[in-house]
Structures are given as structure tokens and as C-alpha cells.
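The structure appears right after this line, and notes come after that.
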Protein chains: 2
Amino acid sequence: MLSGATEDYLKTIFSLTRDSGRAGTKDIATKLGVSQASVTGYLQRLAGAELPLIDYRKREGAALTEEGRRKALRVIRNHRLLETFLHRMLGFSWDRVHDEACRLEHVISAEFEEKLDALLGYPTHDPHGDPIPGRDLDMPINSRIALAELEPGEEAVVDRVSDSDPELLSYLGKHAILPGTRLTVKAVSPFDRNMKLCVEKKRGTIVLGPLVTRQIFVERNA
Amino acid sequence: MLSGATEDYLKTIFSLTRDSGRAGTKDIATKLGVSQASVTGYLQRLAGAELPLIDYRKREGAALTEEGRRKALRVIRNHRLLETFLHRMLGFSWDRVHDEACRLEHVISAEFEEKLDALLGYPTHDPHGDPIPGRDLDMPINSRIALAELEPGEEAVVDRVSDSDPELLSYLGKHAILPGTRLTVKAVSPFDRNMKLCVEKKRGTIVLGPLVTRQIFVERNA
DNA sequence: CAATGTACTTAGGATAGACTAACTTCGCTG
DNA sequence: CAGCGAAGTTAGTCTATCCTAAGTACATTG
Ligand SMILES: [Mn+2]
Ligand SMILES: [Mn+2]
Ligand SMILES: [Mn+2]
Ligand SMILES: [Mn+2]
């Protein structure tokens with residue numbers, strides 16, 4: 001069995017290799033909150049195992065092997081199922097589910113995973129709008145269009161929100177900006193890129209800076 | 001924060017000190033599945049901490065301090081709430097809940113504990129009939145009367161069943177012997193102490209040996 | 001009361017995972 | 001092209017938790 005530490009490394013490498021093909025030591029260290037030296041050591045060990053979970057090249061960072069990818073997706077599936085459970089059944093607010101799920105994801109059995117999936121009605125997305133890999137571990141692509149990219153006049157529906165910052169989630173939750181929320185871009189100020197938005201249902205407007213609008217991903221038009 | 005290992009030591013010492021006042025190295029080692037040497041070392045460390053969780057005396061074993069007792073009860077509460085959840089909401093059979101709960105119990109937050117308690121409707125007993133310590137951590141006494149102690153002709157209701165052996169639980173489950181089941185002792189054979197029982201509802205009889213009847217605890221008469 | 005067996009402890013060591021301090025690489029810039 | 005800084009690596013440690021092998025203590029018993 002994999003340790004919790006290994007599973008968190010795999011998850012992190014998975015998410016960092018979505019964009020760039022490889023995950024760098026520094027970025028992994030930052031995401032996991034450990035030192036760069038620790039990461040170097042850990043990557044070397046993971047790559048040197050019998051059935052390696054990652055492909056590591058000195059000074060070029062790490063990528064997942066096929067086996068590593070499967071393991072990563074399993075953990076991500078657990079994580080998102082758990083987040084969904086915590087939010088929907090236990091009533092955790094969406095900014096409190098991440099840490100709890102990040103601990104639980106390493107200790108639940110396959111039986112737990114299956115039964116939870118069934119209890120929740122086979123959900124396809126977690127509370128932040130991220131897709132939940134299916135039992136076969138394939139995962140739909142989610143939106144890569146940041147709200148920040150839209151022009152004045154465009155309409156969009158929130159697809160997902162970055163779940164890494166609880167403060168941000170809490171803030172957005174208060175303003176009813178969550179997956180499914182319809183938005184209209186009223187104006188974008190030059191230089192600072194502040195965006196004035198009309199939020200449907202809330203029937204109000206809000207101004208968000210680029211640090212925020214880059215963390216919100218949308219489907220255009222819809 | 002306490003490690004999972006420490007929490008399992010505390011739980012084990014708690015249960016072993018119910019009968020005898022102190023828990024011996026050997027018994028702890030057996031229950032936890034580690035070597036005696038490991039236990040000695042661990043106890044020494046626990047007892048030598050700033051705020052010690054146990055009182056350890058060379059060659060006399062360990063007992064919990066007041067602080068250790070509180071910590072142990074918290075873990076036991078988590079364990080039993082989780083078992084109840086696994087059984088009632090996820091549909092785990094009662095012989096599969098223990099191991100899962102023993103891993104989960106160390107990673108759930110106080111918030112999770114509270115919300116789970118509420119979701120379950122503040123249950124007082126786990127699927128095996130063991131009492132769940134309340135939020136204030138006091139725990140009702142449970143039955144100490146083993147079915148094996150009853151005489152022919154006596155009637156009783158099952159209060160709880162030892163949850164340590166999944167095989168036993170599975171067997172008893174198949175024969176509808178679980179908390180709440182009413183039993184009548186039809187006969188006890190001499191020498192081997194086999195017990196012929198009438199199981200209510202099942203409307204049938206079953207013969208159980210002493211290895212089994214010593215693991216079932218009952219309320220007389222009821 | 002000496003022999004013995006069981007419970008217990010000590011000594012020495014392994015492994016996982018993390019840290020700091022001190023290099024090394026290497027692309028970029030002046 | 002020399003030098004700088006960021007990213008990465010190495011070396012040396014540390015703690016938690018476990019192990020095996022080799023003793024020690026003590027109650028029991030012949
Ligand atoms: Mn995690
Ligand atoms: Mn999420
Ligand atoms: Mn446990
Ligand atoms: Mn139980």
C-alpha cells in the first residue's frame with residue numbers, strides 16, 4: 001500500500017503536469033509545504049522503486065508513469081467524493097472541505113469509496129466544480145477559460161473555482177459565485193483589470209480584481 | 001496533535017485497564033500487533049512527555065493519566081460514531097466496520113465528529129452494542145455478564161458482542177444474534193459447556209460453544 | 001531455596017520522511 | 001563572456017516507529 005505522503009506527491013505532480021509536461025522540485029515543494037531538499041530526496045526514491053510511479057530526471061523534474069497516473073486519479077477520486085460528501089451530507093461549507101478530505105482520502109478502502117459513490121448518487125463534480133474521475137478513472141476535461149479572459153458584454157456560467165484558498169472560497173460563497181452561477185461582464189477597467197460583474201439571482205453587481213478572476217473558470221455564453 | 005499510533009496505544013491501554021488496573025506490555029503488544037520491545041520503548045516515551053498521557057512503572061505496566069483517559073475516550077467516541085455511520089449509512093456489514101473505523105478515527109476533525117453525530121441523530125450505541133461516549137466523554141457502563149454465565153432456563157437479551165473477531169461477527173450475524181436479540185438458554189452440556197439456545201424471531205435453536213458464548217454479553221431476564 | 005519460564009527491558013539497528021546548510025547548474029543579462 | 005540568481009542537489013541530521021537478539025526480574029514450584 002502507498003503511504004499518505006506518496007499519495008500526496010502523486011496528486012501534486014498530477015496537477016502540476018496538467019500545464020507543463022513536468023513538475024519542478026520547487027513547485028512540488030511549495031504545494032506540499034515541505035523543503036525542496038525533501039522533494040528531491042522523495043522523488044529519487046519514488047523513481048527508484050521496483051515499479052516506479054514517476055519518471056524523474058535530475059534537474060528536469062518529475063512526470064507520472066502510467067501506474068503513477070492511475071494511483072493519482074484514484075486519490076483524486078477519493079478526495080472529490082469525500083468533499084462532496086462533507087458538503088452535501090455533513091453540511092461542511094465549501095471552504096472547509098479540502099483539508100478534511102486531504103486527510104481522509106488516504107485511509108478509505110475501495111469498499112468505502114464504492115459505497116460512498118452510491119450513497120451520493122454517483123456525483124460527477126465536487127463542490128468546487130472539479131470533475132470526479134469515474135470508477136474507470138477517466139475524467140472529463142474541465143473548463144480552462146478563466147473569467148479574467150472575458151471581454152465586456154460577454155456572458156458566462158461559472159464552471160469551477162480554484163479550491164486552494166479557503167479565504168477566496170469563503171468570499172466567493174458569500175457573493176453566490178459558485179458553479180452554475182450566471183455572470184455578465186459589465187466592464188473591465190484598464191491597467192488594473194478589475195472586472196465589474198452582474199451576478200444572476202443575487203441581482204447585484206460586484207467588482208473583482210484579477211487575482212480573483214484568474215481563479216474562476218467559466219463556460220462562455222452557455 | 002497526537003499521532004495515530006499514540007491514539008491506538010491509548011485506546012488499547014484504556015480497554016485493558018477496564019478489568020485489571022494496569023495494562024501489561026505483553027497484552028498491549030498482542031492487541032496492537034507489535035513486538036513487546038516496541039511497546040516498552042513507546043510506553044517509556046509516552047510517560048516521559050511534558051504532559052504525560054500514561055503512568056508507566058517498570059515491570060508493572062501502564063495506566064492512563066486523566067489527560068490520557070480523555071484522549072482515549074475521544075478516539076473511542078470517534079471510532080464508534082464512525083462504525084455506526086459505516087453500518088447505518090454506507091451499508092457496511094457489522095463485521096467490516098472495525099478496521100475501516102480504526103483508520104478513520106485518527107484523521108477526523110472535531111467538526112467532522114460533531115456533524116456526524118448530528119447526522120446520525122446522536123446515537124448511543126455502535127453496531128456491536130458498545131456505548132458511544134457523549135460529547136462530554138462520559139460513557140455508560142455496559143453489560144459485563146457473558147452469555148456463558150447463564151444457567152439453563154434463563155432468558156436474556158443480547159447487549160453487545162465483542163467486535164474483535166470479524167469471523168465471529170459474521171457467524172453471529174447470520175444467525176441473527178445481535179444487540180437486542182432475545183435468547184433462552186435451553187440446555188448447557190457438562191464438560192464442554194456447549195449451550196443450546198432458543199433465538200427469538202429466528203424461531204430456531206442453535207448450539208454455541210464457550211469460545212463463542214464468552215464473547216456475547218447480555219442483560220438477564222429483561 | 002534453587003531452577004525455570006514468562007514477562008519485561010536493553011541494546012543496536014532499520015526505515016520513512018522531513019530539516020538545514022552548503023554546494024552545483026544553468027539560463028540570462030550587462 | 002563573466003557573473004548573478006533561481007532552481008536543484010548533496011551531505012549530514014533528526015524524530016517517530018518499528019524490529020531482532022540478548023539479557024534481567026520475578027513468581028512459582030519441585
Ligand atoms: Mn492528502
Ligand atoms: Mn475540490
Ligand atoms: Mn486506530
Ligand atoms: Mn464496535
Side-chain angles (χ1 to χ4, degrees), chain A residues 1-13 15-17 19-63 68 71-72 75 102-103 105-107, chain B residues 1-13 15-17 19-63 68 71-72 75 102-103 105-107:
Chain A
M1 222 348 64
L2 302 182
S3 71
T6 296
E7 292 185 336
D8 281 339
Y9 272 93
L10 294 179
K11 243 185 16 171
T12 301
I13 295 166
S15 80
L16 288 173
T17 47
D19 322 292
S20 36
R22 311 204 127 242
T25 307
K26 172 85 175 318
D27 291 344
I28 298 171
T30 305
K31 268 229 187 195
L32 288 176
V34 299
S35 73
Q36 285 188 54
S38 300
V39 172
T40 299
Y42 212 104
L43 295 182
Q44 289 170 344
R45 195 151 55 73
L46 280 183
E50 345 63 54
L51 199 159
L53 298 169
I54 66 166
D55 165 43
Y56 166 69
R57 297 193 220 129
K58 223 182 238 191
R59 295 199 143 82
E60 290 179 53
K71 294 285 164 61
V75 183
C102 196
R103 275 175 281 117
E105 65 193 359
H106 311 294
V107 301
Chain B
M1 222 348 65
L2 302 182
S3 71
T6 296
E7 292 185 337
D8 281 339
Y9 271 94
L10 294 178
K11 244 187 11 174
T12 301
I13 294 166
S15 79
L16 288 173
T17 47
D19 323 292
S20 37
R22 309 204 129 243
T25 307
K26 171 87 175 317
D27 291 345
I28 298 172
T30 305
K31 267 228 187 195
L32 288 176
V34 299
S35 73
Q36 286 188 54
S38 300
V39 172
T40 299
Y42 211 105
L43 296 182
Q44 288 171 343
R45 196 153 54 73
L46 280 183
E50 345 64 53
L51 199 159
L53 299 169
I54 66 167
D55 165 43
Y56 166 70
R57 297 191 221 130
K58 223 182 237 192
R59 296 201 140 82
E60 290 179 53
K71 294 284 163 63
V75 184
C102 196
R103 276 176 280 117
E105 66 193 0
H106 312 293
V107 301

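Letters A, B, ... mirror the listed sequences (proteins, then strands); counts begin at 1.
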Sugar-phosphate only, base, or nothing, as touched by G41(A) at under 4.0 Å among non-hydrogen atoms:
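The residue G41(A) makes no contact with any strand.
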What's G61(B) touching, base or sugar-phosphate or nothing? Going by heavy atoms closer than 4.0 Å.
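Here G61(B) touches no strand at all.
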Using the test side-chain hydrogen bond (donor to acceptor under 3.5 Å, both in side chains), find all partners of [X] that sit at least two apart in sequence or belong to another chain.
| X | value |
| --- | --- |
| S35(A) | S38(A) |
| S15(B) | K31(B) |
| T12(A) | none |
| Q44(A) | none |

My understanding is that only residues two or more places apart in sequence, or in another chain, count here; which of them pass salt bridge (Lys or Arg N to Asp or Glu O under 4.0 Å) with [X]?
| X | value |
| --- | --- |
| R59(A) | none |
| D8(A) | K11(A) |
| K71(B) | E67(B) |

Partners of T17(B) by side chain to side chain contact (heavy atoms under 4.5 Å, CB included), sequence neighbours excluded?
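For T17(B), the residues satisfying side chain to side chain contact (heavy atoms under 4.5 Å, CB included) (neighbours in sequence not counted) are I13(B), A23(B).
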Please list, pair by pair, any protein nitrogen or oxygen found under 3.5 Å from a nitrogen or oxygen in nucleotides 12-15 of chain C.
none

Just the endpoints, please: which first and last nucleotides of DNA chain D, 5' to 3', lie under 4.0 Å from a heavy atom of chain A?
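Contacts span dA7(D) to dT10(D), reading 5' to 3'.
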Protein N or O to nucleotides 16-20 of chain C N or O, pairs below 3.5 Å:
from, atom 1, to, atom 2, distance (Å)
dG17(C), OP1, S3(A), OG, 2.6
dG17(C), OP2, Y42(A), OH, 2.9
dG17(C), OP2, R45(A), NH1, 3.4
dG17(C), OP2, R45(A), NH2, 2.7
dC19(C), OP2, S35(A), N, 2.9
dC19(C), OP2, S35(A), OG, 3.0
dC19(C), OP2, S38(A), OG, 2.5

Report the distance from atom NZ of K58(A) to atom C1' of dT25(C), rounded to the nearest whole Å.
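Distance check: K58(A) NZ to dT25(C) C1' gives 11 Å.
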Where at least one partner belongs to residues 36-58 of chain B, residue pairs that pass salt bridge (charged side-chain N to carboxylate O under 4.0 Å, His left out), sequence neighbours excluded:
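Salt bridge (charged side-chain N to carboxylate O under 4.0 Å, His left out) check on residues 36-58 of chain B returns R22(B)-D55(B), D55(B)-R57(B), R57(B)-E60(B).
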Answer yes or no: is there a donor N or O on one side and an acceptor on the other, between the side chain of Y9(A) and the main chain of L32(A), under 3.5 Å?
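Side chain of Y9(A) to backbone of L32(A): no pair is present.
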